[in-house]
J.: 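Take this structure, written in structure tokens, and hold onto it; I'll ask about it next.
In what follows, residues are counted from 1 in the order of the sequence shown.
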Amino acid sequence: MPVATAIVNLDIEGPRISRHLYGHFAEHLGRCVYGGFWVGEDSPIPNEGGIRLDVVAALRALDIPNLRWPGGCFADEYHWRDGIGPREQRPRTVNTHWGNVEENNHFGTHEFMALCELLGAEPYISGNVGSGTVREMSEWVEYLTRDGDSPMVRLRRANGREEPWRVRFWGLGNETWGCGGNMRAEYFADLARQYGTYCRDHGDNKLYRIASGASDDDYAWTETLMRQINCFGCEATPRTYYQALSVHYYTLAGPWEAKGSATVFDTDDHYRTMLSARRVDRVLTGHSTVMDCYDPGRTVGLVLDEWGTWWDVEPGTNPGFLFQQNTLRDALVASVHLDVFHRHAARLVMANIAQTVNVLQAMVLTDGDALVLTPTYHVFEMNKGHQDAASLPVHLRAERARRQVGDAVLDTLSVSASVKDGRLLVSLSNLDAEEPAEVSLDLRGGRIGEPLARVLTADRLQAHNTPQAPTAVAPRPFDGVTVTGAGLALALPPHSFVTVQAPMSLPD
């Protein structure tokens, strides 16, 4: 008897899964930008205009849709004019948030836009509300996106860029409840209206303004922002000071002051981590419910623009640089989050994992000229077929796939499905550290062809990749799939992530 049955109606499509749910985040923090994306034009590491090409190639293989920059907390002390013009003339500033190190500003607006062009990704710029001014952000928008003639257009052209860029996504502040200014919700709500007013559309570049939103389950913050753009229960179209609200949620196994090791942990730590990861579903549901009261038509987006695991930094590294290893446990945190994102696709329009290179739950780790793809990277690669696909609701019956974790119950199976261009993609995670899971996929309303499956797992949850062992955790073909009369039967190994693809057709 299977541990679980998952029913998928192939002929009933749900909301589209925006590709931007697979977005990324790069902050001037530790070795994310310098040594990660940027090595400088004189580096022996292959680069284009100072941008590291092996990192670009790795991320292009993920179909990376967007990149958020320059922070994070750094964004609210970043003044964009410090990062334009000849590099040798740019002022040196101090990164007070992350290590109190000097920032030479060699990687600025033009370098970031060149990076996005190399990646084929849309830029998402987080503007400075904490220590900046309305005029400063307004002029940054003009500098990047205006054509014709104006002071900012002339400045851009003097710095070597004739044509404007297209930059849709703009963040109005970051964590304004904390490092972005320690503001009250009511005070920031007024600022969001003000900044949103003066960050203007230029030509056909239509801005998508994202107001700095809540931490975790601070639903009152979300309600305060929603009250600024519509009334409770109104059917009117919300005012357009901003088009979306953000929220931040990090996964921890313990308290903030003792987050634990990225690589040294036991099974109990693993289960506590999975409970924390699955809690993101409740957090997103809470914010979505509040937004529904003010925007029942769901025209305002929800953006989870910081998420991921946060462990204690690796021993012997700068504590302000937030460098941590990335194990199979982190990969399962990512797979669970992405399943949740798919279920919230009607309201959730973007998500950005923190952070792309060398910081927190990174895709890529670099060490000199070496580059390592993390287990989390492989989850994103295995799942990239969900980008811009139609979600397929999954009805999961899995009463036997549970673990008691303290006073809580952890569901140890997670499943999501989508269809795009006639291909079905099903993602399954078995979070149980010790037990395999037999899953029956009951596929209704259509037919599938020969399935192709891959699995990401290892002999232990603590397994991770290094320059010496770069494929210790890497996807491989999976033979635990059997075609049945109802659909598919799968035998998932313990602590594993599996994807199944198959051509699909619907009845005439």
Side-chain angles (χ1 to χ4, degrees), residues 26-28 32-34 36-43 47-53 56 66-72 74-95 102-174 194-209:
E27 185 169 5
H28 288 239
C32 183
V33 171
Y34 299 108
F37 282 113
W38 176 262
V39 292
E41 294 170 308
D42 297 331
S43 173
N47 68 87
E48 183 170 322
I51 297 168
R52 186 169 174 154
L53 289 177
V56 168
N66 68 70
L67 185 63
R68 179 177 181 242
W69 172 87
F74 181 81
D76 281 290
E77 66 178 10
Y78 181 70
H79 301 280
W80 66 271
R81 287 174 182 261
D82 292 341
I84 60 173
R87 292 192 195 103
E88 65 277 6
Q89 296 178 19
R90 298 179 189 178
R92 299 181 75 89
T93 55
V94 178
N95 188 337
E102 288 190 1
E103 163 68 54
N104 63 20
N105 286 300
H106 284 188
F107 188 91
T109 296
H110 288 252
E111 290 79 13
F112 173 66
M113 294 305 297
L115 171 62
C116 289
E117 289 173 349
L118 287 173
L119 291 171
E122 286 199 59
Y124 170 14
I125 290 181
S126 184
N128 183 345
V129 171
S131 69
T133 66
V134 175
R135 177 176 179 177
E136 181 180 10
M137 194 185 302
S138 175
E139 289 183 341
W140 201 4
V141 175
E142 180 183 334
Y143 182 91
L144 278 159
T145 66
R146 188 172 180 82
D147 202 356
D149 184 39
S150 76
M152 292 303 102
V153 172
R154 290 193 293 274
L155 180 59
R156 184 187 71 232
R157 287 173 175 157
N159 289 325
R161 173 76 182 194
E162 178 69 24
E163 298 298 322
W165 289 282
R166 294 191 66 83
V167 185
R168 284 196 297 164
F169 302 124
W170 286 82
L172 306 180
N174 167 79
Q194 182 185 18
Y195 275 75
T197 299
Y198 288 97
C199 290
R200 302 188 186 281
D201 297 338
H202 294 284
D204 62 354
N205 187 84
K206 305 301 181 184
L207 300 190
Y208 193 83
R209 305 164 186 85

J.: Start with the C-alpha distance between R157 and D147, add both sets of side-chain angles, then the distance that settles salt bridge (charged side-chain N to carboxylate O under 4.0 Å, His left out), and finish with yes or no.
T.: CA-CA 10 Å; R157 287 173 175 157; D147 202 356; 3.3 Å; yes
J.: Listed by chain and number, what are the side-chain contact (heavy atoms from CB on, under 4.5 Å) partners of N104, not counting sequence neighbours?
T.: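 If we apply the side-chain contact (heavy atoms from CB on, under 4.5 Å) test to N104, skipping adjacent residues, the hits are Y34, R92, H106.
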J.: Could you check whether any side-chain heavy atom of L172 comes within less than 4.5 Å of a side-chain heavy atom of C199, counting everything from C-beta outward?
T.: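 Side chain of L172 against side chain of C199, heavy atoms only: contact under 4.5 Å found.
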J.: So do V167 and V141 actually touch side chain to side chain, heavy atoms under 4.5 Å?
T.: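 Contact flag for V141/V167 side chains = no.
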J.: Write down the atom of P70, the atom of W140, and the distance for their closest heavy-atom approach.
T.: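 Scanning both residues completely, I find the closest heavy atoms to be CD-CH2, 4.4 Å.
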J.: Salt-bridged, R90 to D82, with N to O below 4.0 Å?
T.: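 No, R90 and D82 are not salt-bridged.
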J.: Is the side chain of N105 donor-acceptor paired with the backbone N or O of P91 at a distance under 3.5 Å, no angle test?
T.: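 Yes; judged by distance alone, with no hydrogens or angles, the pair exists.
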J.: Which distance, rounded to the nearest 0.5 Å, do you find between the OG1 of T109 and the CZ of R81?
T.: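 Reported to 0.5 Å precision, the distance equals 10.5 Å.
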J.: Answer yes or no: is there a side-chain heavy-atom contact under 4.5 Å between H28 and F107?
T.: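 Touching, per the 4.5 Å side-chain cut-off.
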J.: To the nearest 0.5 Å, what is the distance between CD on E111 and CD1 on I51?
T.: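 It comes to 7.5 Å.
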J.: Rounded to the nearest 0.5 Å, what separation is found between the OG1 atom of T93 and the NE2 atom of H79?
T.: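 The OG1 atom of T93 sits 8.5 Å away from the NE2 atom of H79.
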J.: Within this structure, what is the CZ-OG1 distance for the pair R168 and T145, rounded to the nearest 0.5 Å?
T.: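 Between atom CZ of R168 and atom OG1 of T145 there are 13.5 Å.
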J.: Can any side-chain N or O of S131 pair as donor or acceptor with the backbone N or O of D76 at less than 3.5 Å?
T.: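 Judged by distance alone, yes, a pair lies under 3.5 Å.
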J.: So do M113 and L144 actually touch side chain to side chain, heavy atoms under 4.5 Å?
T.: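 Touching, per the 4.5 Å side-chain cut-off.
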J.: For the pair R68 (side chain) and A26 (backbone), establish whether a donor and an acceptor sit closer than 3.5 Å, ignoring hydrogens and angles.
T.: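 No, the answer is negative, given that no donor and acceptor are paired below the 3.5 Å cut-off.
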J.: State, yes or no, whether a side-chain contact exists between W69 and F37 at a heavy-atom distance under 4.5 Å.
T.: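 No, side chains not in contact.
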J.: Verify ring pair (Phe, Tyr, Trp, His ring centres under 6.0 Å) between H110 and Y143, making sure each step is shown before the conclusion.
T.: CA-CA 11 Å; H110 288 252; Y143 182 91; 5.7 Å; yes
J.: Any side-chain heavy atom of F169 within less than 4.5 Å of one from L67?
T.: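 No, their side chains stay 4.5 Å or more apart.
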J.: Has W170 got a side-chain atom pairing as donor or acceptor with G196's backbone, closer than 3.5 angstrom?
T.: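 Such a contact is absent between W170 side chain and G196 backbone.
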J.: Would H202 and M152 count as a side chain to side chain contact (heavy atoms under 4.5 Å, CB included) if you check the C-alpha gap in whole Å, the side-chain angles of each, and the deciding distance to 0.1 Å?
T.: CA-CA 12 Å; H202 294 284; M152 292 303 102; over 6 Å; no
J.: Please report the interatomic distance CZ(R146) to CZ(R154), rounded to the nearest 0.5 Å.
T.: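 Rounded to the nearest 0.5 Å, the CZ-CZ separation comes out at 11.0 Å.
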J.: Closest heavy-atom contact between W80 and L155?
T.: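 That closest heavy-atom pairing would be CH2-CD2, 4.4 Å.
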J.: Report the residues that fulfil side chain to side chain donor-acceptor pair (under 3.5 Å) with T133, sequence neighbours left out, ordered by chain and then residue number.
T.: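 Result, side chain to side chain donor-acceptor pair (under 3.5 Å) vs T133: none returned.
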J.: Does any N or O in the side chain of N66 come within less than 3.5 Å of the main-chain N or O of E122, such that one atom is a donor and the other an acceptor?
T.: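 Side chain of N66 to backbone of E122, a donor-acceptor pair under 3.5 Å: no, none is there.
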J.: Is the backbone N or O of Y78 less than 3.5 Å from a side-chain atom of N128, with the two atoms forming a donor-acceptor pair by type?
T.: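 Between the backbone of Y78 and the side chain of N128 there is a qualifying donor-acceptor contact (under 3.5 Å).
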J.: According to side chain to side chain donor-acceptor pair (under 3.5 Å), who are the partners of E142, at least two apart in sequence or on a separate chain?
T.: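 E142 satisfies side chain to side chain donor-acceptor pair (under 3.5 Å) with S150 only.
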J.: How about P123 and F112: do any of their side-chain heavy atoms sit closer than 4.5 Å?
T.: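 P123 reaches F112 side chain to side chain.
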J.: Do F74 and E103 come close enough that some side-chain heavy atom pair is under 4.5 Å?
T.: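 Of all side-chain heavy-atom pairs linking E103 with F74, at least one is under 4.5 Å.
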J.: So, the side chain of S138 versus the backbone of Y198: is there a donor-acceptor pair under 3.5 Å, distance only?
T.: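 Yes, the answer is positive, given that a donor and an acceptor are paired below the 3.5 Å cut-off.
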J.: Going by an N to O cut-off under 4.0 Å, is there a salt bridge joining D201 and R166?
T.: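 Between R166 and D201 there is no salt bridge, as every charged N stays at least 4.0 Å from the carboxylate O atoms.
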J.: If you measure from CZ on R209 to CE on M137, what distance do you get to the nearest 0.5 Å?
T.: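 Here the rounded value is 11.0 Å.
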J.: Taking CG in D149 as the centre, count heavy atoms belonging to other residues, nucleotides or ligands within less than 6.0 Å. Is the count above 12?
T.: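 Atom CG in D149 is packed in, count exceeds 12.
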J.: Looking at every non-hydrogen atom in both residues, tell me the closest pair between G173 and S126 and how far apart they are.
T.: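 What the structure gives for the nearest pair is O-OG, 4.0 Å.
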